[in-house]
Amino acid sequence: MDLGLTGKTCVVTGATKGIGLATTRLLLAEGAHVLLVARNEPQTPLSGSHEFLEADINDPATPERVLAAAPQIDVLVNNAGTTNARPWAQLTDADWQAQWELNVMAPMRLMRALVPPMADRGWGRVVNVSSSSGKRPSRRNMAYSVTKAAELSLSRAFAGRGVRINAVTPGVVATGLWTGPGGLADQAADAQGITPEAALEQVAGAIPIGRVGEPEQIASMVVLLCSERADNVAGAAWSVDGGSVDVII
């Protein structure tokens, strides 16, 4: 299936690991040119037309640097993000502010800079990688959950002429955020006094399909929403969570 992405210029944040890296690879395989925006260069080789921009998306100057590196952008994937599981009573004002900056202000600034030129040209795609936590509030991840819900609202509110803006909401995904040292599996294990492997099995057992997601599975939906094939999709929040959130939105 031709997704119509050949020759398109795509910006992916958090592009050098996890879902961002998987998305970058799929976009390159579709013939797109990709600007990888991240704090660290990719540790694995990439095939296809691409550039790397070392940047912190929390820096208000980053959108202008992105535009300087790629003056005509067709696709924006706001993927960068991280979190820690912590009971709400332990969250500080700084924790809340950090999640707000990362999950709302940073993607908003990039959209504010990149969407108007897309609209002027009459074509563009934005995909915000939110979370199933944005649809189902979590008391052990409250600052993350609330700001991911705000990112979903941002995705819907920004929809404009000629630009299709959507979000995806992954559930548990086998990336470093969950499986890496000190990741969410380790944090869950410490909280319950079990092994990280047991914690991950417990999480997988609660997912209707019986397993956690893979980065490539999330990336496949992201790339579809970036494509010509998704021309009638706007302001939607696509669940890619193995059926974890039992609501029809």
Side-chain angles (χ1 to χ4, degrees), residues 1-15 19-20 22-35 48 66 70 72-81 103-104 107-136 148-171 173 208-209 213-249:
M1 179 186 293
D2 182 7
L3 296 182
L5 287 167
T6 301
K8 299 290 188 187
T9 296
C10 306
V11 173
V12 181
T13 69
I19 295 169
T23 299
T24 294
R25 285 180 170 144
L26 287 181
L27 288 170
L28 290 172
E30 290 294 328
H33 173 75
V34 181
L35 176 64
V66 169
Q72 183 167 313
I73 295 165
D74 302 296
V75 173
L76 168 64
V77 179
N78 279 313
N79 166 75
N103 295 326
V104 182
M108 183 281 294
R109 290 188 189 106
L110 282 164
M111 292 165 72
R112 184 171 63 189
L114 274 56
V115 167
M118 292 180 190
D120 288 343
R121 293 192 300 273
W123 198 96
R125 299 287 188 269
V126 177
V127 181
N128 293 319
V129 180
S130 181
S131 169
S132 60
S133 292
K135 292 186 174 183
R136 180 186 58 191
K148 282 298 186 180
E151 187 175 22
L152 292 178
S153 183
L154 179 71
S155 304
R156 186 67 182 87
F158 240 92
R161 171 178 55 88
V163 182
R164 306 294 181 260
I165 301 175
N166 294 286
V168 296
T169 59
V173 183
I209 65 171
E214 295 294 333
E216 294 75 17
Q217 294 169 328
I218 316 305
S220 294
M221 178 57 72
V222 172
V223 173
L224 176 62
L225 292 172
C226 291
S227 76
E228 290 277 12
R229 297 287 179 169
D231 194 49
N232 200 41
V233 183
W238 287 76
S239 295
V240 198
D241 60 9
S244 297
V245 179
D246 52 357
V247 293
I248 310 174
I249 58 170

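If you're wondering where the values come from, they're calculated on a predicted model, not measured in any experiment.
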Review point. Which distance, rounded to the nearest 0.5 Å, do you find between the CG of Leu35 and the OG1 of Thr9?
Key: 9.0 Å
Exercise for review: Measure the spacing between CZ of Arg136 and OG of Ser239 and express it to the nearest 0.5 Å.
Suggested key: 10.0 Å
Exercise for review: Could you tell me whether the side chain of Lys8 and the main chain of Cys226 form a donor-acceptor pair under 3.5 Å?
Suggested key: no
Exercise for review: Enter the distance from Glu216:CD to Leu26:CG here, rounded to the nearest 0.5 Å.
Suggested key: 7.5 Å
Point to revise | Side-chain donor/acceptor of Asp241 to backbone N/O of Pro170, under 3.5 Å | key: no
**Study point:** Considering all heavy atoms, the nearest Met111-Pro116 contact
**Key:** O-CD, 3.6 Å
Check your understanding: Within the side chain of Arg229, is there an N or O that forms a donor-acceptor pair under 3.5 Å with the backbone of Asp2?
Key -> yes
**Study point:** Nearest non-hydrogen partners of Ser132 and Val245, listed with the distance
**Key:** CB-CG2, 3.6 Å
Point to revise | Closest non-hydrogen atom pair between Leu154 and Val104, with its separation | key: CD2-O, 3.9 Å
Check your understanding: So, the side chain of Asn79 versus the backbone of Gly14: is there a donor-acceptor pair under 3.5 Å, distance only?
Key -> yes
Point to revise | Ala230 versus Arg164, closest heavy-atom pair with distance | key: O-CG, 4.3 Å
Review point. Hey, is the main chain of Ser227 close enough, under 3.5 Å, to the side chain of Arg125 for a donor-acceptor pair?
Key: yes
Revision key, fill the gap. Heavy atoms of Val115 and Ile165 approach each other most closely as CG2-CD1, 4.3 Å
Check your understanding: How many angstroms lie between CD in Glu228 and OG1 in Thr6, if you round to the nearest 0.5 Å?
Key -> 10.5 Å
Check your understanding: Out of curiosity, Leu5 CG to His33 NE2, how far, rounded to the nearest 0.5 Å?
Key -> 14.0 Å
Exercise for review: Count the heavy atoms belonging to other residues, nucleotides or ligands that lie under 6.0 Å from CZ of Arg121, then report whether that count exceeds 12.
Suggested key: yes
Check your understanding: Do any N or O atoms from the side chain of Asn166 and from the backbone of Val233 form a donor-acceptor pair under 3.5 angstrom?
Key -> yes
Check your understanding: Which residue, Leu110, Leu76, Thr13, forms the side-chain contact (heavy atoms from CB on, under 4.5 Å) with Val66?
Key -> Leu110
Practice item. Spell out, as yes or no, whether a donor-acceptor pair under 3.5 Å connects the side chain of Ser130 to the backbone of Lys148. Key: yes
Review point. Where do Ala237 and Thr169 come nearest, in terms of heavy atoms and distance?
Key: CB-CG2, 4.5 Å
Review point. How far does CH2 of Trp238 sit from CG of Leu224, to the nearest 0.5 angstrom?
Key: 7.0 Å
